[in-house]
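Sequence lines set the chain letters: A, B, ... in the order given, protein chains first and strands last, and positions in each chain run from 1.
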Number of protein chains: 2
Amino acid sequence: MFETFFKALGEPTRLRIVRMLAEQELCVCELEEILQVSQPRISQHLKILKQAGLVSERREGQKRMCKFNQGYYYDVMAKFGQFMQIPLNEIPEFKEEYRRMCDITSSCCK
Amino acid sequence: MFETFFKALGEPTRLRIVRMLAEQELCVCELEEILQVSQPRISQHLKILKQAGLVSERREGQKRMCKFNQGYYYDVMAKFGQFMQIPLNEIPEFKEEYRRMCDITSSCCK
DNA sequence: CCGTAATATAAACTTATCCTTATATAAGTA
DNA sequence: TACTTATATAAGGATAAGTTTATATTACGG
């Protein structure tokens, strides 16, 4: 989840798209015009941003109005803050890593 | 800057390294052991994390103790929050995009 | 229904990323 | 000085990501 999220943000064109959409709703052809980027390129990056949950869209005639999901963005950022702050042993996915960390002194670089 | 930062976090192994280092300082061979990942792989990912400013290291004999740069991390996160919140026309890098956005109604999908 | 505007998708190419294997460096230790 | 431990780096290959060009879809306007 964090991976997809950060990967989506870790690309300059997508970051620009997101920042534009944070300003206001825009359709693909507007993004194309504003960012001076080809239409398929915009579409493909939007797909990734949608999969990451950062952007959603709404049909308006032939256009698709794209919107920055601010709520979701805040949510993930907050969750990541938590993830980085809480003690390791409270993160289920790090159970094994925690265990190995605890008996590390015996096995490596003594 | 944000790009490098997020790109560094958008990879599972690096995210695990960062999370481990957020818990405590560790050397390469400890990370290797804890994460069950080969030594060169750890080294290479650490290089990227260092370039992103997320990790720094200190020599201790033959070991290099790696440390999570919490301060820098908070800093970038805060700056990114700002970047996403402030009006577009206050971001110098988006000067052109702002201008194009303003006269968009005339040029595209009328 | 035909044409056009807005967008999506597919194929092909290029480049970047990640991983492995092998080797190099650098600091302790015998 | 030779050996070992800890780490870095380089080269190779495999896969993924980003871009372009071309084509498909979908909705509206005549």
Separation of [N] [atom2] from [X] [atom1] (nearest whole Å):
X: Ile17(A); N: dT19(D); atom1: CD1; atom2: C1'; value: 13 Å
X: Ile42(B); N: dA6(D); atom1: CD1; atom2: C1'; value: 13 Å
X: Phe6(B); N: dA17(D); atom1: CZ; atom2: P; value: 18 Å
X: Glu57(A); N: dT7(C); atom1: CD; atom2: C1'; value: 9 Å
X: Glu3(B); N: dT17(C); atom1: CD; atom2: C1'; value: 14 Å
X: Leu26(A); N: dA6(C); atom1: CG; atom2: C1'; value: 15 Å
X: Gln44(A); N: dT20(D); atom1: CD; atom2: C1'; value: 9 Å
X: Arg41(A); N: dA6(C); atom1: CZ; atom2: P; value: 20 Å

Between [options], spot the one nearest the side chain of [X], thanks.
X: Ser38(B); options: dT7(C), dT20(C), dT26(D); value: dT20(C)
X: Glu11(A); options: dG18(D), dT20(C), dT7(C); value: dG18(D)
X: Val28(A); options: dG18(D), dA8(C), dT7(D); value: dA8(C)
X: Arg64(A); options: dT17(C), dT21(D), dT7(C); value: dT7(C)
X: Ser43(A); options: dT20(C), dC18(C), dA8(C); value: dA8(C)
X: Gln62(A); options: dA27(D), dT9(D), dT7(C); value: dA27(D)

Regarding dT7(D), can its base be found pairing with the side chain of Glu32(B) as donor and acceptor, where the two atoms are less than 3.5 Å apart?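 No pair found.
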On a plain distance test, is the side chain of Gln39(A) in donor-acceptor contact with the base of dA8(C) below 3.5 Å? yes
For His45(A) and Gly61(A), take the nucleotide of DNA chain D holding the closest heavy atom to each; which residue's nucleotide lies nearer the 5' end?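 This one resolves to His45(A).
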For a quick test of reading the model: is some side-chain N or O of [X] closer than 4.0 Å to OP1 or OP2 of [N]?
X: Arg14(B); N: dC18(C); result: yes
X: Lys47(A); N: dA10(C); result: no
X: Lys7(A); N: dA16(C); result: no

Nearest 0.5 Å, what's the CZ-CG distance between Phe80(A) and Leu15(B)?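 Rounded to the nearest 0.5 Å, the CZ-CG separation comes to 5.5 Å.
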Would the distance check show the side chain of Arg14(A) and the main-chain N or O of Leu49(A) forming a donor-acceptor pair, the cut-off being under 3.5 Å? no
Glu57(B) side-chain N/O to Arg64(B) backbone N/O, donor-acceptor pair under 3.5 Å: no
Arg58(B)/Glu25(B) ion pair, N-O < 4.0 Å: yes
So which of Lys50(A), Met65(A), Lys67(A) actually passes side-chain contact (heavy atoms from CB on, under 4.5 Å) with Ser56(A)?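 Among Lys50(A), Met65(A), Lys67(A), the one meeting side-chain contact (heavy atoms from CB on, under 4.5 Å) with Ser56(A) is Lys67(A).
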